[in-house]
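Okay, so here's the structure we're looking at.
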Amino acid sequence: MAIIPLRKMTKGQRGTIHRVTARGELGRRIRDMGLVPGTPFQVQGRAPLKDPVAIRLRNFTLTLRNSESDFIEAEVEETL
């Protein structure tokens, strides 16, 4: 398993939240949206200019700006 920032994941890729590195208000807001360690998710897609990113988790779709997704590390299966 590799740990990469959510921003570097591609459409259709699946992962599990490994760590949220944001502190303060942003960190609290990210966790309140359900992005906590151990949560599985899948990247649904990206806007044409690659920002924002849409992810599917806990039976809902969430969109995040790249500036927010930089603070989220995901554990993903390595593809050969």
Side-chain angles (χ1 to χ4, degrees):
M1 295 268 188
I3 297 172
I4 62 171
L6 174 57
R7 183 180 202 154
K8 294 187 181 208
M9 293 180 71
T10 59
K11 181 179 179 181
Q13 197 169 16
R14 294 178 183 269
T16 303
I17 303 294
H18 176 72
R19 180 171 63 162
V20 176
T21 59
R23 303 273 184 233
E25 182 68 24
L26 179 59
R28 183 190 61 78
R29 220 177 95 226
I30 289 172
R31 288 187 298 277
D32 285 350
M33 289 188 279
L35 296 166
V36 294
T39 304
F41 69 95
Q42 181 178 9
V43 176
Q44 292 292 102
R46 293 185 176 272
L49 297 176
K50 306 291 185 208
D51 191 23
V53 59
I55 61 172
R56 182 84 180 157
L57 70 152
R58 301 180 191 249
N59 295 321
F60 69 95
T61 301
L62 175 69
T63 58
L64 295 169
R65 296 180 193 105
N66 280 336
S67 60
E68 296 166 332
S69 66
D70 285 337
F71 293 103
I72 301 166
E73 293 178 354
E75 193 173 304
V76 296
E77 300 256 344
E78 291 188 58
T79 55
L80 299 175

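Under the salt bridge (Lys or Arg N to Asp or Glu O under 4.0 Å) criterion, no residue pair touches residues 33-42, with sequence neighbours excluded. Within the structure, salt bridge (Lys or Arg N to Asp or Glu O under 4.0 Å) pairs that include any residue of residues 31-49 comprise Arg28-Asp32 (at least two apart or interchain).
Not counting sequence neighbours, the partners of Thr39 by the side chain to side chain donor-acceptor pair (under 3.5 Å) test are Arg58. Evaluation of the side chain to side chain donor-acceptor pair (under 3.5 Å) rule for Gln42 yields Arg14 as partners, not counting sequence neighbours. Here Arg65 pairs with Glu68 under the salt bridge (charged side-chain N to carboxylate O under 4.0 Å, His left out) rule; sequence neighbours left out. Thr21 meets the side chain to side chain donor-acceptor pair (under 3.5 Å) test with no other residue; sequence neighbours excluded. A search for salt bridge (charged side-chain N to carboxylate O under 4.0 Å, His left out) contacts involving Asp51 returns nothing, not counting sequence neighbours. Residues forming a salt bridge (charged side-chain N to carboxylate O under 4.0 Å, His left out) with Glu73 (at least two apart in sequence, or on another chain): Arg19.
If you take CZ on Arg7 and OG on Ser67, they are separated by 8.0 Å, rounding to the nearest 0.5 Å.
Think of Leu62 as one node in a network of Ile, Leu, Val, Met, Phe, Trp and Tyr side chains linked at under 4.5 Å; its network also takes in Ile4, Leu6, Met9, Ile17, Val20, Leu26, Ile30, Met33, Leu35, Phe41, Val43, Val53, Ile55, Leu57, Phe60, Leu64, Phe71, Ile72, Val76.
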